[in-house]
Structures are given as C-alpha cells and as structure tokens.
Amino acid sequence: MPVITYRQALNDAFAEELSRDENVFLMGEEVAQYNGAYKVTEGLWQKFGSKRVIDTPISEAAFLGMGVGAAMMGLRPVVELMFWSFAYVGLDQIINNAGCIRYMSGGLINVPMVIRGPANGGTNVGATHSHTPENFLANTPGLKVVCPATPYDAKGLMISSIRDNDTVCFMENTLLYGDLGEVPDGAYTIPLGVAEVKREGIDVSLIAHGRAVLTSLAAAEILSAEHGIEAEVVDLRSIRPLDEETILNSVAKTHRAVLVDENKPFCGVSSQIAALLAEQAFDELDAPVLRVTALDAPAIYSMPLEKLQLPDAQVVVAKVLSSF
Amino acid sequence: MARTLSLSSKPKKSASPSKKKGVRPVITKKVTKAPAKTANKAPAKKAAPKKSDVKAVAAKKPAPLSKAPKAAKVTKAVVKPAAPVSKVSKTSTDWSKDPFNAKLKPAEKIGFLREMLRIRRFEQQALKHYNNGAMGGFLHLYIGQESVAVGTASLMNGKDEIITAYRDHGHALAVGMGMDECMAELFGKGTGCSKGKGGSMHFFAPDKHYWGGHGIVGGQAPLGMGLAFALKYKGLKGCAVAFLGDGAVNQGVFSECLNMAALFELPVVFVIENNGYSMGTSLERSSAIRHSLASRAEGFDVDWSLCGGFDLYELRANLGAVMEKARTKFRPHVLEVSTYRYYGHSVADANAKKYRSPEEIERYKTECDPITLWEKQLLKEKVITEAGIEKINAEAKAEAAAAADFAIASPWPSEESIFEDIYHEVDHQTEAGQTGRHFFSE
C-alpha cells in the first residue's frame, strides 16, 4: 500500500471527489494559485481549474456564507479555513446558517458543505491561532464534527464528509500534515460516527481524538514497556456523531478511563465523554475517570511553556499511574 | 495572472484603472441643511422631513441609467431617511411607460393589487392574534412596504432566487406561499411552513425560489451571494435578489459581500429596503453617509442606484433593469429603495411611537401608501373600479381570517418532531444517519 502524508491523503480525497462530482468545489484563502497556505490543496487548481478551485479574499464570514448559499442550491462546497481559529469571525454563518437552516425550514433545506482546516495548538503562534473549537461546534445540533488522527482516516473521513448531506466541520492539524501512513489508492470511505481502537489493551482505556491519539499511543508504549500496563487507545475520529458503543465496550473491558484531549477542560470534548461514562459505565469503573487536557489558559507563545500546555506522553503516563 | 474564478466564458474585464462610462447616479446639488447628528437631540422631537429636504432628495434622484451624466464629482450630501418619494415622482419619469411596465396586462396590474392587499390583511390578522397573546416570538410587520416584495416577485423569471431578513411575510406571500401555512407558522403549529420550527422570521419555500426568512441582521447577505454563485456555476440564466434593511448595511459581512460579488462577477442584486429606521435608531443616527447607503458600493466597483419604493411602477422599472443586467452581464448591483413601515421594528418594539412622530407616520400613510397609490393609479387607468377594489379587499380579509381559523384549529407539532429536521441523513434514515449518536439528550 502506498505510504503518503496526511496532507497528501487529504489532497487525494479532494482530487477523487472533484473528479467524481461536478458539484464539488474548493474555496478559501490561498487554496488555488498559492497551492494552499499549508499546501493541502497543492496542484488542484492546475488540474481542475478556476471554476472548481477558488481563491477568496480574506472574508471568512462572506465566503462561509456564500458556501452555505451555494450548498442550499445543491452544490457541495469544501471551504478551507486557513486556521479554524479564523472561523470565529464567521461563526454566524456556521452556527446560525449552516447549523440551523435545516431545522428552521422544517427540513426543506439541507446544507451539504464541508468546512475544513487545521485546528490545533502547539505551533508557537499564540492564542489567536491555536484554537480547538471542536467542542463548541459539536455543541450545535445540525453540525457534524470530525477530527482525524492519521493519513488513512483523513482521506476516508474526508470523502465521507464531502458525500454527507449535512454540514461537516472537518478539523485537521498542522502538526500532522507531514505524518506518513499507509493509504490506499482510489476512493474509500470511513463512516462518520465510528471510533477505532488503535491499540488493544486490558488495563486502562485512553480515549482521545486528533493528535492526542498519537500522544496516547506513545504513552501506551511507555506504560507497557516500563510499567507493565496495557492501555487500550480509542480514537473517536468523529465527535458528532459519536460512537458511544466503542467507548463503553472499551471501558467495560479495562474498567479504567483516562481521557486525553487537546481541547480545553471546561466543557471540552472530554467533559462529554466523562458524562457518558458517569451515566452509562458507573458500575464498570474501578477508578475515577481522569482527564489530561490542554492547560486551561490561552495558548502561550513562548515555546518551552507552550509545550507544557498540551498533553504529552509523560503527562498521560503519570495520570494513568495515578489511577492505579 | 488573471483572477482565479472564471465561471463564465466571457473575457475578463480590463484591469485598466480608467473610469468606465458613467451609469452612476450623480449628485448635482449640495445639500445645505446639516444633518441632525448631535446625540443630545431628543429623537422624539425629530420632525418629519421638511420641504427643503424633499427638494434636496429630488435633486439627488438618480438619472435614468441610460442618461446618466458622466462622472461628476460627488458632493458631500445627506439623504434624509425614507424621503417621501411620491412627491419626487411627480416631477420625474412616468414609470408606467418604462419597458418593464408598458406591456403589463390589466389582469397583472390587478394581481399586484391583490398581492399587496393579501399581505396587508394577512399581517393585520396576525397582529390581532399577536396582541391577544395567541402567538409569541417577534412579529416584524411589513405593512407600508408591500410594493417592494410584490414588485420583486412579479419580476422573477422562474430561475431567479430571492432571500431576505426577518421582515419576511411579504416576500413569502408574494412568491406564492399560502396564507394558511404562513399563519400556522406564526402560531407555532405543526401545519406551519416550517412545521412550527422557524416562526415569523424563518419562512422558506425553496420550490418557489424563496430561501428565507433570516433572523440575524445582515447574515443572509452572503447566502444571497451563494445563490448567485450557484446560478452562475450551474449556467442558469437567473439572478439572486438579496434584501436587507438600512440597518444591515452596517454589518461587516455586507461590505465583504460587495467585494466578493464584484470580484467573482456574480449575478446578485442587493436591495436595501430603506425604511429609515435601524430598529429605533434613525438612518442619520446609525449610518455615516456621503451620498446614500447604496453609494457605498462605489468603493467596490459595484453599480448602484436609488429608487422610490412606494410606486410599484417605479420599483419594477428600476429593479427589473438591474435584475436583467445581473442575469445577462454578471454585474452585481445595489439598489436602495425608499420605503416606510408604519409599525415598530417588531410589535414588541416598546418605543415604536417615540423615536418618530405620529405626524411623520401619518404623513407616510396618507401620501406614500403603496396600496393607496396603486389603487389610484389603476382607477386612473380605468383598469379597475372602486367596487372591484373593494371586492379584492374583502376577499383578502376573508382569506386572512380563514388562515387564522386554520392556524388556530391546527395541532401543535408532536414532541417527537423536536428531533426531526436537524440532520438530513438522520431524517432519511441513511446508513450515515444511523451510525453513531447524533443527539445527546435522553
């Protein structure tokens, strides 16, 4: 199987869908002639032309709203945000329009749009460029939220998201764009709402999404090698819809859960998982549910301190050990 | 390298900075009267526009597009809110002779009257029940502005798309939505056009090219641009008309839209329904103006013009021309239409009679009412008789009353329906809709 980057996996997904469906188009800042600020759309403008791959001005509210309007009419916009942090100037369009129009029209309208881009901290760019809004977009019924951790998942989930008839907020990670992984040629789909056990274990469940999955896998190796603890790593992949069954099955097996999350702790994704476990896995638990999240402060600029703000493997290991 | 979006096959515009030949409305007289801008001036004392203001507005009226003088220097001037354009009209073009009006058949003209009366009687009926407490929410009445929605709907070609903000009942009825479904929506009933999920501000009828009905001021503007984008993308010969109020032009996204509509050469017409008040704040207290609200388009190389909205002929002539230009030339346009609402921003507007004088409202009712003006016009043309008008009026009243009866008799939506119409995939029970948990309450 070909080994390609997370970035290339996304690029391949766009090329597949642009070729398959003429209603699919990409737009965003620098996506066409500049080849993408993070080169995720590299080469697509040359291949598909200006009708299908469109540079926009720096006007997030306007181009997100234009995407919603075009999607209402049956097109399938894939709208890039250079950073998900920039969505904040266009949230009216995402939440009020993409998220609520179907409901407010009594089901007369749907908005088959993908809004995508990186949503991560840890890149030394300060608070305004380091937001992780998966929790509050998943807080809007009507929106779907996807956070792939690997190249294979990125391609399959992107193709599913483009084909989905609802708005999908697709959150990538600049720190993962260069990661390599095995990815099949051609189109394949990974359904939204299906988590994956990325590592089998019996002693504790590490439940994570996005880059925190990789942190959890690293922590699991340390736990195994140094402490004889076999951790199971559950990758949520999609936040909404959420695969609760896989989470509950894992905790029923391990009886311990540590939630690893680059989201902030207050009402973060891990809060929702903790509530789920409290409600539905109380009798399975041999220890309190614990969390490792981003530190609860705006993303700091200073590089060594920023590294402390996001979960790393050693912190996860320490948290797991505290649960025994 | 040329700009990237090239949806049409026509050649790109020249990048030459030279000013294209004028289609701009141009100010020829300087307005000497200073605008009342001081914050300490009590709004309640604000008088109706004086004669001198009316004159000034007349001077600023745009020349017909074909006759516009060449780019003259724009003098700093002020447009008073919602000037009584009927007076202006007397001294300007006879719009009935305009190509968009000249061939209208008597039945069509009577149809316009019927539609305007239906909107008014519908809203008066709704107001009665709102005041009785039978419905909640907000009720933003369109009464006084009916000519704009009816005129627009009459110009739609079957491919054109329209979208508006929260003052949306008039547009809904004008495009052909039924009174029953609209009234039931106001009552929050399951038979409502949005099954009781949208309310007054959120009427939609995609099958009638009507895309809402949007509650957030200005938020619909980029959606309108998206409708135009989709038309062009699909190669359809239609345009999108996106309505917004005079308050909405101050939302940042509207300026973003002007830029993008021009850059992408989209077939969109932004219609500013200028009723003079941004909720309770008059135009002059809410908008910094050089010439008009529409003239802000100038900086984005978007064409713009002004027109009176009280005379249906004038509205049709002006809007018809710019819609056709959008459809055929992919030129966006901003059309500012003078209009007036008799009621408050919404019925819940506690200060509806405080920020403007009762005399001002009365003057508009007696001098500028679009229905009265149209009735007079049709009587003058001998297209209809007084008795004919009364018959239509009685029918509209009866239809509105029947719609209220229908709404009252209709059931509430079922509790189960709370979780319907959120995700398309769930509603259609697709594999995607049945994978993973979508809703997180019991």
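Remember, it's a predicted structure, so these values are computed and weren't measured experimentally. Note on naming: letters A, B, ... go to the chains in the order of the sequence lines (proteins, then strands), and numbering restarts at 1 for each one.
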At a heavy-atom distance under 4.5 Å, which candidate from [options] has the highest pair count against chain B?
options	answer
A:L143, A:V111, A:L64	A:L143
A:A70, A:G193, A:S105	A:S105
A:I58, A:T167, A:D243, A:L108	A:L108
A:E60, A:E244, A:Q272, A:M66	A:M66
A:G107, A:A138, A:S160, A:A62	A:A62
A:V68, A:T189, A:D164, A:T246	A:D164

| query | Does a donor on one side chain sit under 3.5 Å from an acceptor on the other, for B:T430 and B:E425? | reply | yes
| query | Any chance the side chains of A:R52 and A:N23 put a donor and an acceptor closer than 3.5 Å? | reply | no
When the ring planes of [X] and [Y] are compared, do they come out parallel, tilted or perpendicular, using 30° and 60° as the limits?
X	Y	result
A:F25	B:Y233	tilted
B:F439	B:F419	tilted
B:H140	B:F138	tilted

Please classify the contact of [X] with chain A as side chain, backbone, both or neither, using a heavy-atom distance under 4.5 Å.
X	answer
B:L227	both
B:L236	neither
B:E161	side chain

| field | Ring centres under 6.0 angstrom apart (B:F243, B:F270) | value | no
| Test of ring centre spacing under 6.0 Å for B:F204 and B:H214 | yes
| query | Do any of residues 75-83 of chain A come closer than 4.5 Å to chain B, heavy atom to heavy atom, and if so which ones, in number order? | reply | A:L75
| request: Flag the one option from B:M201, B:E431, B:Q220, B:K234 with the top tally of heavy-atom pairs under 4.5 Å to chain A. | output: B:K234
[X] versus chain B, heavy atoms under 4.5 Å apart: side chain, backbone, both or neither?
X	value
A:L192	backbone
A:N96	side chain
A:N110	side chain
A:E22	backbone
A:P191	side chain

| request: Verify, without hydrogens or angle tests, whether A:S250 (side chain) and A:I247 (backbone) share a donor-acceptor contact under 3.5 angstrom. | output: no
| query | Is the backbone N or O of A:P241 less than 3.5 Å from a side-chain atom of B:R437, with the two atoms forming a donor-acceptor pair by type? | reply | no
[X] side chain near [Y] side chain, heavy-atom distance below 4.5 Å:
X	Y	value
B:L223	A:I101	yes
A:P141	A:Y103	no
A:E196	A:R237	yes

| query | Using non-hydrogen atoms and a limit below 4.5 Å, what part of residues 169-191 of chain B faces chain A? | reply | none
| request: Evaluate side-chain hydrogen bond (donor to acceptor under 3.5 Å, both in side chains) for A:N135 paired with A:R240, printing each intermediate quantity in order. | output: CA-CA 9 Å; A:N135 55 329; A:R240 186 171 188 146; over 6 Å; no
| message | More than 12 heavy atoms of other residues, nucleotides or ligands under 6.0 Å from CD of B:Q434: yes or no? | response | yes
| request: Taking the six-membered ring of B:F330 (Phe, Tyr or Trp), confirm whether the NZ or CZ of B:K232 is under 6.0 Å from its centre and within 45° of its axis. | output: yes
| message | Taking the six-membered ring of A:F170 as reference, does the cationic atom of A:K144 (NZ for Lys, CZ for Arg) lie under 6.0 Å from its centre and within 45° of its axis? | response | no
